[in-house]
Amino acid sequence: MQNNRNEKVYLQHLHIEHAQALLDLRLHNHEYLQPFEPIRDASYFTVEGQEKDIQTGLGDKDLISSHLFGIFLTDSNELVGRAALTGIARGPFQNANLGYFIGQDHQGKGYMTEAVRLCVQYAFEELGLHRVQAGVMPKNTPSLRVLEKAGFRSEGLAKRYLRINGVWEDHQLFAITREDWE
């Protein structure tokens with residue numbers, strides 16, 4: 001992964017050895033993140049559950065359907081969040097879905113915006129994708145701002161789009177294409 005770093009944060013593909021740190025981050029921020037995430041089985045919140053999640057992003061970059069990244073602070077190497085390109089479609093679509101979270105202690109410092117930019121750069125320059133899309137609940141103002149600052153455009157409202165925290169939630173859809181990026 002080239003150019004995966006800036007002065008604030010860097011992205012690193014998650015590997016099995018990151019499972020414990022990722023679990024710790026998720027557990028420490030569970031209450032904070034739950035309003036914006038699906039209800040997950042208890043097995044997800046184990047080292048084995050995190051290892052299984054990480055394994056979905058391991059393999060040949062042109063064949064796998066997900067790339068999972070840890071978001072690390074440049075100055076301390078602390079894992080503070082995760083970004084993921086999922087549902088990667090090849091052929092005429094050349095698209096991925098972007099998902100992300102950052103620990104509550106690190107929100108509002110610009111880290112997530114920088115990580116999203118690095119993730120989009122990876123999608124276009126390393127994976128050769130044409131489009132990255134993301135969906136955000138309208139009440140998640142910080143996440144909406146991240147996408148706007150990272151150059152995404154709003155494409156409309158999807159009613160009852162994802163089941164989040166046990167409720168079918170509307171999501172504002174955003175996208176960025178290679179032409180928008182260049």
Side-chain angles (χ1 to χ4, degrees), residues 1-2 4-5 9-73 76-91 93-107 111-112 114-116 118-123 126-129 131-137 140 143 146-147 158 160-169 171 173-174:
M1 194 171 157
Q2 300 171 344
N4 62 336
R5 170 182 299 266
V9 298
Y10 66 94
L11 298 181
Q12 179 180 331
H13 273 101
L14 289 173
H15 295 282
I16 299 302
E17 60 266 20
H18 294 117
Q20 183 64 58
L22 187 57
L23 176 62
D24 293 345
L25 180 65
R26 283 197 173 279
L27 292 175
H28 180 74
N29 289 282
H30 183 70
E31 257 185 64
Y32 168 67
L33 295 172
Q34 189 57 62
F36 306 105
E37 293 204 337
I39 294 176
R40 301 182 193 271
D41 187 84
S43 65
Y44 183 80
F45 297 100
T46 64
V47 172
E48 294 79 17
Q50 295 306 297
E51 287 174 350
K52 184 177 178 183
D53 194 38
I54 289 169
Q55 285 174 334
T56 66
L58 299 176
D60 185 307
K61 77 173 181 155
D62 293 325
L63 299 177
I64 63 175
S65 63
S66 299
H67 286 264
L68 279 65
F69 303 100
I71 302 167
F72 296 86
L73 296 182
S76 68
N77 297 318
E78 177 187 358
L79 176 65
V80 297
R82 187 189 90 156
L85 295 167
T86 62
I88 296 172
R90 294 298 185 170
F93 199 18
Q94 296 296 325
N95 180 73
N97 295 301
L98 173 67
Y100 51 85
F101 76 86
I102 194 155
Q104 185 174 14
D105 297 344
H106 300 287
Q107 182 187 10
Y111 301 149
M112 196 71 255
E114 293 304 314
V116 164
L118 290 170
C119 205
V120 169
Q121 180 179 2
Y122 181 83
E126 299 294 321
L127 298 178
L129 297 177
R131 175 185 168 90
V132 176
Q133 60 190 35
V136 177
M137 292 186 308
N140 189 347
S143 193
V146 163
L147 293 174
R160 297 171 294 284
Y161 185 68
L162 287 175
R163 191 166 183 179
I164 301 296
N165 202 20
V167 177
W168 287 101
E169 295 278 359
H171 278 66
L173 301 182
F174 290 84

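What you are looking at is a predicted structure, and each value in this text was computed from that prediction instead of being measured. Heads up: numbering here begins at 1 and tracks the sequence.
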> To check you understand the geometry: which heavy-atom pair defines the closest contact between Leu147 and Ala134, and what is its length?
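Nearest heavy atoms, Leu147 then Ala134: CD1-CB, 3.8 Å.
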> Give a yes or no on whether the backbone of Phe72 and the side-chain of Tyr111 come within a donor-acceptor separation of less than 3.5 Å.
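No.
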> State plainly whether the residues Glu37 and Arg26 are in salt-bridge range, i.e. N to O under 4.0 Å.
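Yes, charged N to carboxylate O under 4.0 Å.
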> Check whether Thr46 reaches the backbone of Ser43 with its side chain - one donor and one acceptor, N or O, closer than 3.5 Å.
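Between the backbone of Ser43 and the side chain of Thr46 there is a qualifying donor-acceptor contact (under 3.5 Å).
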> Are His106 and Phe101 close enough, and set up right, to give a ring-ring contact (aromatic ring centres under 6.0 Å, His included), and what steps lead you there?
CA-CA 10 Å; His106 300 287; Phe101 76 86; over 10 Å; no
> Nearest 0.5 Å, please: how far is CG in Leu68 from NE2 in His15?
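The NE2 atom of His15 sits 11.0 Å away from the CG atom of Leu68.
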> Ignoring hydrogens and geometry, is there a side-chain-to-backbone donor-acceptor pair from Asn4 to Leu11 under 3.5 Å?
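Present.
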> Do the ring centers of Tyr122 and Phe69 come within less than 6.0 Å of each other?
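Yes, the ring centres sit under 6.0 Å apart.
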> Provide the closest heavy-atom pair for Ile54 versus His18 in the form atom of the first, atom of the second, distance.
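Closest pair (atom of Ile54, atom of His18, distance): CD1-C, 4.2 Å.
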> Give me the atom names and distance for the closest heavy-atom approach of Leu14 to Gly70.
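So the two residues come closest at CG-N, 3.4 Å.
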> Counting heavy atoms not belonging to Glu31, are there more than 12 under 6.0 Å from its CD?
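Incorrect, the count does not exceed 12.
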> Which pair of non-hydrogen atoms, one from Asn95 and one from Val132, has the smallest distance, and what is that distance?
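Between these two residues, the closest heavy atoms are OD1-N, 4.1 Å.
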> Can you tell me which residue among Phe45, Tyr44, Phe36 is in a ring-ring contact (aromatic ring centres under 6.0 Å, His included) with His30?
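When ring-ring contact (aromatic ring centres under 6.0 Å, His included) is applied between His30 and each of Phe45, Tyr44, Phe36, only Phe45 qualifies.
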> On a heavy-atom basis, which atom in Met112 and which in Ile102 lie closest, and how many Å separate them?
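Heavy atoms only, the tightest pair is SD-CB, 3.9 Å.
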> Is any side-chain N of the basic residue among Asp53 and Arg40 closer than 4.0 Å to the acidic one's carboxylate O?
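Judged by the 4.0 Å cut-off on N to carboxylate O distance, Asp53 and Arg40 do not form a salt bridge.
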> Before you tell me yes or no, could you show the steps for Gln104 and Asn29 under side-chain hydrogen bond (donor to acceptor under 3.5 Å, both in side chains), namely the whole-Å CA-CA distance, both residues' side-chain angles and the distance that decides it to 0.1 Å?
CA-CA 7 Å; Gln104 185 174 14; Asn29 289 282; over 6 Å; no
> Just by distance, do the side chain of Gln94 and the backbone of Gly91 share a donor-acceptor pair under 3.5 Å?
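Yes, because the side chain of Gln94 sits within donor-acceptor range (under 3.5 Å) of the backbone of Gly91.
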